[in-house]
Protein chains: 2
Amino acid sequence: MLPNGAAGDHPLALLMRRWTMRSSLSASDRDALASLALTRRSVQRGAYIVHEGEAVTHCSVLISGFVARQKLVNTGNRQIVAIHLPGELVDAQNLLLDRADDSVQSIGQSEVAMIPKSAILDLIATRPEIGRAIWLDTIIDASITREWVVNLGRRDARARIAHLLCELYLRLQAIGQCPSGQCMLPLSQEQIADCMGLTPVHVNRVLQMLRADGLIALRAHRLTILDWAQLTQVGDFDGRYLHDRIRA
Amino acid sequence: MLPNGAAGDHPLALLMRRWTMRSSLSASDRDALASLALTRRSVQRGAYIVHEGEAVTHCSVLISGFVARQKLVNTGNRQIVAIHLPGELVDAQNLLLDRADDSVQSIGQSEVAMIPKSAILDLIATRPEIGRAIWLDTIIDASITREWVVNLGRRDARARIAHLLCELYLRLQAIGQCPSGQCMLPLSQEQIADCMGLTPVHVNRVLQMLRADGLIALRAHRLTILDWAQLTQVGDFDGRYLHDRIRA
DNA sequence: CGTTAATTTGAGACCATTCAATTTCGGTGG
DNA sequence: CCACCGAAATTGAATGGTCTCAAATTAACG
């Protein structure tokens with residue numbers, strides 16, 4: 001089995017598969033994408049791909065692994081604002097912005113394909129469908145971020161964590177990383193806490209509740225959903241906000 | 001003085017001014033925008049402009065007033081995910097999505113210009129700069145939403161509210177609605193609570209603290225910043241995430 | 001000037017935090 | 001193969017920020 005789901009031969013295979021299923025990409029567009037000059041880079045666990053405030057010259061597509069977009073507050077605490085999975089652009093918004101307004105950090109080991117912004121912008125100029133695909137990606141990312149706002153603002157810890165697990169499970173399923181109802185979930189409890197605005201201690205207690213209630217199994221970075229119906233109910237989860245980031 | 005800042009003659013004047021200052025719009029693009037067929041609509045306080053889950057055929061530009069984008073959770077509570085000010089597209093993401101994933105409700109009375117999605121998409125097809133401008137708007141909206149995630153996740157009530165007031169003050173200033181250091185802020189304490197994931201009762205207590213500390217005056221929907229330096233410090237506020245939504 | 005919405009106040013309960021200390025886990029070297 | 005190590009997970013007890021539920025007061029509006 002493939003570790004980390006580096007599916008397909010081409011580094012951008014997952015990205016192109018997603019865009020193609022959305023039916024917004026011709027074969028010729030695919031060829032153009034496939035011949036983009038890109039730098040493949042292996043990123044160590046905890047290493048940064050983008051630094052907040054820095055000028056950005058490249059955009060990165062995640063090939064394998066998990067990465068977190070995050071910001072720091074003045075108390076030194078961290079808030080994760082997005083989790084990105086393989087096949088996603090980790091900083092699409094930087095295409096049109098000069099400076100990164102958040103940092104991107106690798107969770108565990110990961111691989112990215114770095115593409116110069118200018119190369120993508122040139123491609124878009126002649127192939128509007130590719131620009132449209134990236135734009136739609138930024139729109140779906142924004143939809144997910146808004147659901148996180150709802151999560152953080154109006155759901156308690158139990159619902160928040162259940163909701164996050166539902167979301168990641170569906171998004172992993174969409175890229176074929178949930179064989180037999182299980183998926184790898186390399187997030188530590190501290191990282192879950194930084195996603196959901198909680199402390200690691202409380203995340204630990206809530207996860208124990210979810211396990212005790214028979215909703216999930218989570219051990220050694222392996223998540224199993226034991227009762228999807230109840231988990232979605234606890235998390236007040238309705239996956240429509242994911243748009244095309246669902247279903248294989 | 002103009003009520004609600006309906007500046008300029010054309011309904012889209014504020015929008016075009018913003019895009020022009022960003023220097024991404026030619027005079028010919030402006031003319032094309034100005035001759036768009038649009039329906040001007042007056043919206044009563046509390047009325048809905050977009051309903052979550054519904055098919056969307058038009059996009060709306062806010063001409064005057066304030067509107068809130070929001071979602072409901074299963075407890076019946078509301079979370080506001082964005083506040084839109086005059087000159088902004090209130091549902092740009094619906095251009096590329098079939099169904100609205102949040103509702104848009106008017107705060108106080110407002111006016112919008114409704115434009116058929118097809119008209120905008122046609123315009124974009126021949127004038128990529130306009131598509132680029134809308135795309136950049138969605139990107140900046142997403143940046144603001146991410147900052148809200150940080151606010152909700154990692155700041156206490158006092159910092160959250162201070163931060164929100166700083167943001168709205170700068171955004172109002174950018175559209176010339178802060179003569180002499182004051183601005184209209186038609187949000188009720190309950191709506192501030194729904195923005196920041198708090199209860200109206202607690203918002204009330206925090207606002208009293210901010211007033212007692214001499215940071216703000218807020219009465220009758222009129223906000224005055226008394227100590228910008230301290231307010232930004234309390235709110236851990238750095239306006240760079242607003243990108244071009246700042247400065248007049 | 002009456003009616004309704006919005007703001008304000010108080011007291012008690014609760015969810016999540018803080019601060020430690022302990023245990024388990026995954027990886028490494030002897 | 002086992003001892004060791006740092007990181008992650010787990011547990012406990014006390015604190016605290018925010019909520020809940022009323023009730024009272026003030027402001028907005030026709």
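Note that these values count all heavy atoms, side chains included, but never hydrogens, waters or copies made by symmetry.
Boundaries of the chain A contact region on DNA chain D are D/dA7 to D/dA13, first to last in 5' to 3' order (nucleotide atom under 4.0 Å from a heavy atom).
Comparing B/Ala157 and B/Arg45 by the nucleotide of DNA chain D that holds the closest heavy atom to each, the one mapping nearer the 5' end is B/Ala157.
Partner B/Leu215 forms a side-chain contact (heavy atoms from CB on, under 4.5 Å) with one of B/Leu165, B/Leu231, B/Leu226, B/Ile225 and no other, that one being B/Leu231.
Listed by first and then second residue, the salt bridge (charged side-chain N to carboxylate O under 4.0 Å, His left out) pairs that reach into residues 200-209 of chain B come to none, sequence neighbours excluded.
Looking only at atom types and distance, the side chain of B/Gln109 has a donor-acceptor partner in the side chain of B/Ser42 under 3.5 Å away. Checking B/Gln182 against B/Thr224 by side-chain atom types alone, a donor-acceptor pair falls below 3.5 Å. A donor-acceptor contact closer than 3.5 angstrom links the side chains of A/Gln208 and A/Asn204.
To the nearest angstrom, C1' of C/dA16 lies 10 Å from CG of A/Asp156. Following rounding to the nearest Å, B/Arg219 (CZ) and C/dA6 (C1') show an atom-to-atom distance of 12 Å. In this structure, B/Leu207 places its CG atom 10 Å from C1' of C/dT7, rounding to the nearest Å. Across the protein-nucleic acid pair, A/Asn204 atom CG and C/dT23 atom P stand 15 Å apart, rounded to whole Å. Rounded to whole Å, atom C1' of C/dT7 lies 16 Å from atom CG of B/Leu210. C/dA6 atom C1' lies 14 Å from atom CG of B/Asp194, rounded to whole Å. Across the protein-nucleic acid pair, A/Arg205 atom CZ and C/dC14 atom P stand 17 Å apart, rounded to whole Å. When the C1' atom of C/dC15 is taken as reference, atom CE of A/Met209 falls 11 Å away, rounded to whole Å.
Taking both residues in full, the closest heavy atoms of A/Arg17 and A/Ala174 are given as NH2-O, 3.3 Å, listed atom of the first, atom of the second, then distance.
Side-chain N or O atoms of A/Arg211 include one that pairs as donor or acceptor with a backbone N or O of A/Leu218 at under 3.5 Å.
Side-chain contact between B/Leu62 and B/Ser110 is present, with heavy atoms from C-beta onward closer than 4.5 Å. For the pair B/Tyr241/B/Glu167, a side-chain contact is recorded, criterion being any heavy-atom separation below 4.5 Å from C-beta on.
The stretch residues 196-203 of chain B touches DNA chain D through B/Gly197, B/Leu198, B/Thr199, B/Val201, B/His202, each having a heavy atom within less than 4.0 Å of the strand.
Using a 4.0 Å heavy-atom criterion, one finds that A/Arg211 contacts the sugar-phosphate atoms exclusively.
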